[in-house]
Amino acid sequence: YIKYRIAPEIDTTQIRLSDENGKTVSLSELNNKKVVVIFFASWCGPCIQEVPNLETLKNELGESNFRYIAI
């Protein structure tokens, strides 16, 4: 499932996102978790086709050590 990796010089702890309720979430708050970040568009065919694969991944790996973020 590992297709992409972030370059080591990028400080991902500084990334802040808003959730669906407007609450700000920092990736640094997800210590000791693996984070899957998905760039998703509702009009994007490949994005929509990927959703079942993400559900399978979520079911196989569980949520205890993983967090899934769709942007």
Side-chain angles (χ1 to χ4, degrees):
Y1 294 106
I2 299 175
K3 290 184 180 180
Y4 310 101
R5 294 179 187 257
I6 294 177
E9 62 273 4
I10 297 173
D11 183 7
T12 58
T13 62
Q14 299 302 312
I15 296 174
R16 295 179 180 272
L17 304 167
S18 295
D19 68 10
E20 64 274 8
N21 299 315
K23 178 184 174 193
T24 301
V25 178
S26 172
L27 291 186
S28 64
E29 296 172 18
L30 303 174
N31 291 338
N32 301 319
K33 307 273 186 206
K34 295 192 187 295
V35 179
V36 178
V37 179
I38 304 126
F39 291 89
F40 181 86
S42 60
W43 47 262
C44 171
C47 295
I48 294 167
Q49 291 174 343
E50 191 173 43
V51 171
N53 295 333
L54 295 171
E55 286 294 322
T56 300
L57 177 66
K58 182 178 174 182
N59 292 333
E60 287 180 10
L61 300 176
E63 294 188 45
S64 60
N65 291 323
F66 288 85
R67 291 295 178 259
Y68 304 88
I69 299 173
I71 299 174

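Computed over heavy atoms, backbone and side chain alike; hydrogens, waters and symmetry mates excluded.
Note: the hydrophobic cluster containing I38 also contains V51 (ILVMFWY, side chain heavy atoms under 4.5 Å, direct or indirect links). Under the 4.5 Å side-chain heavy-atom criterion for Ile, Leu, Val, Met, Phe, Trp and Tyr, F40 and L57 are members of the same hydrophobic cluster. When hydrophobic clusters are built by joining Ile, Leu, Val, Met, Phe, Trp and Tyr residues whose side-chain heavy atoms come closer than 4.5 Å, directly or via intermediates, I71 is not grouped with V25.
Nearest heavy atom pair, residue S42 against residue I48, reads O-CD1, 3.1 Å.
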